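One structure is given here, and the rest of the page talks about it.
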Amino acid sequence: MTVCENIRQQLAARFPGIEERVKIPRPRRIFVEAAADEFRKIFEFAINELGFNHLCTITGLDERVNFSLIYHLAKENGVLLNIKISVSHDAPQADSIIGYFPGAEIYERELVDLFGIQIKGLPEGLRYPLADDWPKDEYPLRKDWKPKTAQAQEGK
Amino acid sequence: MRDSHKFKIPIGPQHPALKEPEGFSVALRGEKILGVDIRLGYNHRGIEKAAEERTYIQSLYIIERICGICSHSHSTCFAQAVEEIAALEVPKRALYIRTVIGELERVHSHLLWLGVAGHEIGFDTLLMYSWRDREIVMDILALLTGNRVNYGINTYGGVKRDISPEQAQEVLKGVDILEERTKYYIEIATQEVTVIQRLSGVGVLSREDAIRLDTVGPTARASGVARDVRKDDPYSAYSEVPFNVITDDHCDVYGRTVVRLKELMEAYKIIRYVLKNMPEGPIAIKAPRKIPAGEALGRYEAPRGEDVHYVKANGTEKPERVKVRAPTLANLQAVKHMLKDRYLADMPIVIAAIDPCFSCTDRMISIDYSGSDKSEAIKWEALRSYGIEWYRGKGIDFSKLNKEFSRRAIS
């Protein structure tokens, strides 16, 4: 049994019904879709019992009906566990994970600046990566946001 | 000590000691650093958004320009993710060529770092030496790819240029000289008392903190964490190439120096092995213009550490989402930790020790003659001989000295 299959079975044993939401597209890659309310449990299980000790990054996605966040976790043998959760498009909000990975702070600030997703538990601090005078309520990685030059070209 | 002795000084975003714009706000009591706030984003160019609005092949070139030093890292990492989604079987020879370029890039990047590190501790002779030697690997890269930086060798499904046996011979010749020089630098780093004393115990990061703060690359490996994507999650030809992951347990800037120097020796080994065992065959297969829907994660061990690219495709000719996490971003949290309760004077070398990325320049200059519509592109050789002649005209001639140095380096 491969390492990934093993992890799939451990997840299935702990979280009944999750099995069809676990995908293994290639060796060393696992994608899991988690419901918002079970995310923290799966996340803690991955860290404490499956031994994932490295957070590669957090990816934000604008899927138009909702936003998604993907937490990319890694461990020594090269296996990547990608846990995906969905958050509402109208009032996007997620919990901070800096309690588990202090390095996540900069990735969470990115989500705040580029997607406008509120991160609960993220302390006040310097913004990243946009400029201090960037207009409010403009989130460049949202799909309905276009740069001014593109807007001007389309207007012609 | 009274609290009135507390100071907050801004360093950057524009500052003579920084090679790139970034803002540090340092709280000090006397010479001791109480805490550091880092403001980034001055180099934010919206590349992720730009990639979403362009075709895959255009995006490949934009992604390559994220960084002027580890450009091959970014383009390979991105291409790997796209190839995985499109289920493209990259020919073996192409994977081997990517590995050669990747390791040559590591060599030039580590030599560049060595020079910067020397400069930051006031050892500018080391800067002059290592940057002169770095020219050898820059010439090799120009020979193989046509470019000193932003090599443009990758394409989806393979590479764009083959390596001929004659070119391989040239590479090996250069690698021989570089290996000799690197041995000399290892001698300096491990025997020269001023270097050892200046770097030891500076920028300390324990093994536990290195893991807890998610550090990557030589920064993690110098704290005893054997984290290397080439071994853990092999790509290109690394699963078939014998090499060692270099770690060190000094947990300070000295350890980071030793790790990078020893990695240079490993890189030479890898380059020799790959050139010797390069399989025959095609160097690329045709890739479709439209990439089927899907998602993939590319990982790559850049000179500075793990580079991560997430790509989501939607079946069109443009990517739905491209997410890039460059290694420096992962290491910056650790820098804050390393600086706390240390002396201000250590700040430049501690920051330099994670090797934050800065840009190189292009090798080709386009000249528009004023008053006529003639324009001409100067080749690198012509530009170089122009420079040499210009200095000779001023009575400065390095050619004898250079010959002497390369003779000494080989013997």
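Letters go in sequence order (proteins before strands), and every chain restarts at 1. Please read these numbers as outputs of a predicted model, since none were measured by experiment.
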Choice from A/Gly125, A/Gly60, A/Ala131 maximising heavy atom contacts with chain B below 4.5 Å: A/Gly60
Region of A/Leu55 in contact with chain B, defined by heavy-atom distances below 4.5 Å: both
Segment of A/Pro147 engaging chain B (4.5 angstrom heavy-atom cut-off): side chain
Residue part contacting chain A, namely of B/Val225, when any heavy atom lies under 4.5 Å: neither
Top contributor to chain B contacts, counting heavy-atom pairs under 4.5 Å, from A/Ala74, A/Gly103, A/Pro102: A/Pro102
Candidate pair A/Ile42 and A/Ile18, rule side chain to side chain contact (heavy atoms under 4.5 Å, CB included), full reasoning: CA-CA 10 Å; A/Ile42 296 176; A/Ile18 203 172; 3.4 Å; yes
Any side-chain heavy-atom pair of B/Leu40 and B/Leu332 under 4.5 Å: yes
Region of A/Leu130 in contact with chain B, defined by heavy-atom distances below 4.5 Å: both
Test side-chain contact (heavy atoms from CB on, under 4.5 Å) applied to B/Pro288 - qualifying residues, sequence neighbours left out: B/Leu88, B/Ile291
A/Leu73 side chain reached by A/Val79 side chain, heavy atoms, under 4.5 Å: no
Residue A/Pro140 versus chain B: region with a heavy atom under 4.5 Å: backbone
Nearest-0.5 Å distance, CD1 of residue B/Ile47 to CD1 of residue B/Ile62: 7.0 Å
Pairs of heavy atoms under 4.5 Å with chain A: top-ranked of B/Val308, B/Ile211, B/Leu297: B/Leu297
Verdict with reasoning, B/Leu34 to B/Leu28, per side chain to side chain contact (heavy atoms under 4.5 Å, CB included): CA-CA 5 Å; B/Leu34 298 172; B/Leu28 284 174; 6.0 Å; no
Residue A/Ile98 versus chain B: region with a heavy atom under 4.5 Å: neither
A/Leu61 and A/Phe67, any side-chain heavy atoms less than 4.5 Å apart: no
Working for side chain to side chain contact (heavy atoms under 4.5 Å, CB included), residues A/Val22 and A/Phe31: CA-CA 6 Å; A/Val22 180; A/Phe31 286 84; over 6 Å; no
Can you pull every donor-acceptor pair closer than 3.5 Å across chain B and chain A?
from     : atom 1 : to       : atom 2 : distance (Å)
B/Arg39  : NH1    : A/Arg127 : O      : 2.9
B/Arg39  : NH2    : A/Leu130 : O      : 2.6
B/Arg39  : NH2    : A/Asp132 : OD1    : 3.1
B/Lys49  : NZ     : A/Pro140 : O      : 2.9
B/Lys49  : NZ     : A/Arg142 : O      : 3.0
B/Lys49  : NZ     : A/Trp145 : O      : 2.9
B/Glu52  : OE1    : A/Lys143 : NZ     : 3.1
B/Glu84  : OE1    : A/Arg26  : NH1    : 3.1
B/Asp214 : OD1    : A/His54  : ND1    : 2.9
B/Asp214 : OD1    : A/Leu55  : N      : 3.0
B/Arg227 : NH1    : A/His54  : ND1    : 3.4
B/Asp233 : OD1    : A/Arg26  : NH2    : 3.4
B/Asp233 : OD1    : A/Arg28  : NE     : 2.6
B/Asp233 : OD1    : A/Arg28  : NH2    : 3.1
B/Asp233 : OD2    : A/Arg29  : NH1    : 2.8
B/Asp233 : OD2    : A/Arg29  : NH2    : 3.1
B/Pro234 : O      : A/Arg28  : NH2    : 3.4
B/Leu297 : O      : A/Arg29  : NE     : 3.3
B/Leu297 : O      : A/Arg29  : NH2    : 3.2
B/Glu306 : OE1    : A/His54  : NE2    : 2.9
B/Lys312 : NZ     : A/Glu63  : OE2    : 3.2
B/Glu320 : O      : A/Lys143 : NZ     : 2.6
B/Glu320 : OE2    : A/Arg64  : NH1    : 3.1
B/Arg321 : NE     : A/Gly60  : O      : 2.6
B/Arg321 : NH2    : A/Gly60  : O      : 3.3
B/Lys323 : NZ     : A/Glu110 : OE2    : 2.7
B/Arg325 : NE     : A/Cys56  : O      : 2.8
B/Arg325 : NE     : A/Tyr107 : OH     : 3.2
B/Arg325 : NH2    : A/Cys56  : O      : 3.1

A/Leu111 and A/Ile119, any side-chain heavy atoms less than 4.5 Å apart: yes
Matching residue for B/Met338 among B/Ile351, B/Ile354, B/Val204 - test: side-chain contact (heavy atoms from CB on, under 4.5 Å): B/Ile354
Structural part of B/Ile38 lying under 4.5 Å from a heavy atom of chain A: backbone
Worked verdict on B/Cys251 versus B/Leu205 for side chain to side chain contact (heavy atoms under 4.5 Å, CB included): CA-CA 5 Å; B/Cys251 304; B/Leu205 183 73; 5.5 Å; no
